[in-house]
There are 2 protein chains.
Amino acid sequence: MSTELSPRATEIADHTKQLLAAGGYHGFSYADVSKRVHIGKPSIHHHFPSKADLVLAVVARHREQTRDGLAALDQHFEDPLARLTAYTDYWAECIREGTSPMCICAMLAAESPMVPADIADQVRAYFQDLTAWLVTVLERGQATGQFRFSGTASVEAQTFMSMVHGAMLTARALNDAESFQAISRTAIRQLSVPT
Amino acid sequence: MSTELSPRATEIADHTKQLLAAGGYHGFSYADVSKRVHIGKPSIHHHFPSKADLVLAVVARHREQTRDGLAALDQHFEDPLARLTAYTDYWAECIREGTSPMCICAMLAAESPMVPADIADQVRAYFQDLTAWLVTVLERGQATGQFRFSGTASVEAQTFMSMVHGAMLTARALNDAESFQAISRTAIRQLSVPT
DNA sequence: AGGTGTCAATCTACTAGTTGGTCGGCTGGG
DNA sequence: CCCAGCCGACCAACTAGTAGATTGACACCT
């Protein structure tokens, strides 16, 4: 099911993900990747024929990792509020530590008019996956009476997702990793029924 | 005060802004600009010595335009809720019509680690300007009893701003301009006291 | 056990095209 | 005369991508 990648290919994909998070599709080159992996430039073409192939593989991996991560999160937490908080806390740590300081799909969404179409399709699918998960969390929270919102769960989920991705932009613009956490907490509080 | 630009320089800046909105700093070249303005590539260097100069000028212009736009909006509307709605409606139309389908500062914020430092500084200033304006609107709305929120006005403003920029990403990713409007309305509703 | 074919992985050397940027000269209007 | 505006020609560096040769590990057959 999940496309198996050789160890080297995995290494290349991981470094590409970092470069992608830093500067987007047009912000890195094969030379950048080859320098980081300590490998010749043509060797990268051996593993991933074209740049589009490489980035596509990275995005596909990111979708899998996200799907697995959310599933694991669902197993650890029953409570909808705890799930939502765990999700934003995960990103807060990524941003604070500097490991993946930004979601690559948010990055590619911004560039989406200037990116190969099949990559844009994967990015759209990621946004739909994430929205779907948020819908289940929000609906469950509405059922337990922890969340209250007026619109459909779908639009409410899109709003929350937008806030998370926007908070990544804000944290970057202000060069202040902590603001992501503050913004996320506020967004969750807005959904929560006052205790 | 505002850096006067010659007609040609203005034309160049306007086209650059479009290209910037489409693909970000690394997503366009001098050749792209020269093709659109129907002018030689070196002529652009005559008006803006380097790419950094060009983009810096475009961002500075965008800051001015935003400042003027928000001031005009403040004059037209007294009501805080009306101001907030007018602000998101403005962007909703830009996105729907295709004129500036995305805020260039949101774009550059994403790329900010890979962009010349003085441009990143301007982008940060834009985010601070916008936050400051939102703070005044939110505080006024809190005073009139139209808005209710639990955190500080500053964090609440950052949250709203993040939601707007994130909604631009979502609209792009889903390739659905209408979703921006739906998300914005939801965000405003979350702030509003139920009537 | 020894030879042989296959194949992934890597390299050096190269391509054609693009990048941001420079230089010197041509124009037309004040 | 001067000077802003513009252009053709050029540059070094970089872009994604290719060609061809060299490794070394594994499998298969005798």
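Remember, predicted model here, so these are calculated numbers, not experimental data. Computed over heavy atoms, backbone and side chain alike; hydrogens, waters and symmetry mates excluded. Reminder, nothing fancy here: chain letters follow the sequence lines and each chain counts from 1.
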Does B:F48 form a side chain to side chain contact (heavy atoms under 4.5 Å, CB included) with B:V58? I'd like the steps, not just the answer. CA-CA 11 Å; B:F48 303 96; B:V58 171; over 6 Å; no

Whole angstrom is fine here: how far is it from [atom1] in [X] over to [atom2] in [N]?
X	N	atom1	atom2	answer
A:H45	C:dC14	NE2	C1'	13 Å
A:D53	D:dG17	CG	C1'	12 Å
A:I44	D:dA16	CD1	P	10 Å
B:D32	C:dG20	CG	C1'	12 Å
A:K51	D:dA16	NZ	C1'	8 Å

State which residue, out of B:M114, B:E111, B:H26, fulfils the side-chain contact (heavy atoms from CB on, under 4.5 Å) condition with A:H26. B:H26

Of all heavy-atom pairs linking A:S179 and A:A171, the shortest is OG-CA, 3.6 Å

Given [options], which nucleotide is nearest the side-chain atoms of [X]?
X	options	value
A:S29	D:dA16, D:dA4, C:dA9	D:dA16
A:P42	D:dC6, D:dA19, C:dT19	D:dA19
B:Y30	D:dC6, C:dG21, D:dA16	C:dG21
A:K41	D:dA16, C:dC11, C:dG21	D:dA16
A:S43	D:dT15, C:dC11, C:dA8	C:dC11

With sugar-phosphate meaning primed atoms plus P, OP1 and OP2, does B:F28 contact a base, only sugar-phosphate, or nothing at under 4.0 Å between heavy atoms? sugar-phosphate

State whether [X] places a side-chain N or O below 4.0 Å from either non-bridging phosphate oxygen (OP1 or OP2) of [N].
X	N	answer
B:R8	D:dG5	no
B:H46	D:dG5	yes
B:H47	D:dA4	no

Geometric class of the B:F127/B:H165 ring pair [parallel <30°, tilted 30-60°, perpendicular >60°]: tilted

Flag side-chain contact, heavy atom, 4.5 Å: A:V37 against A:R8: yes

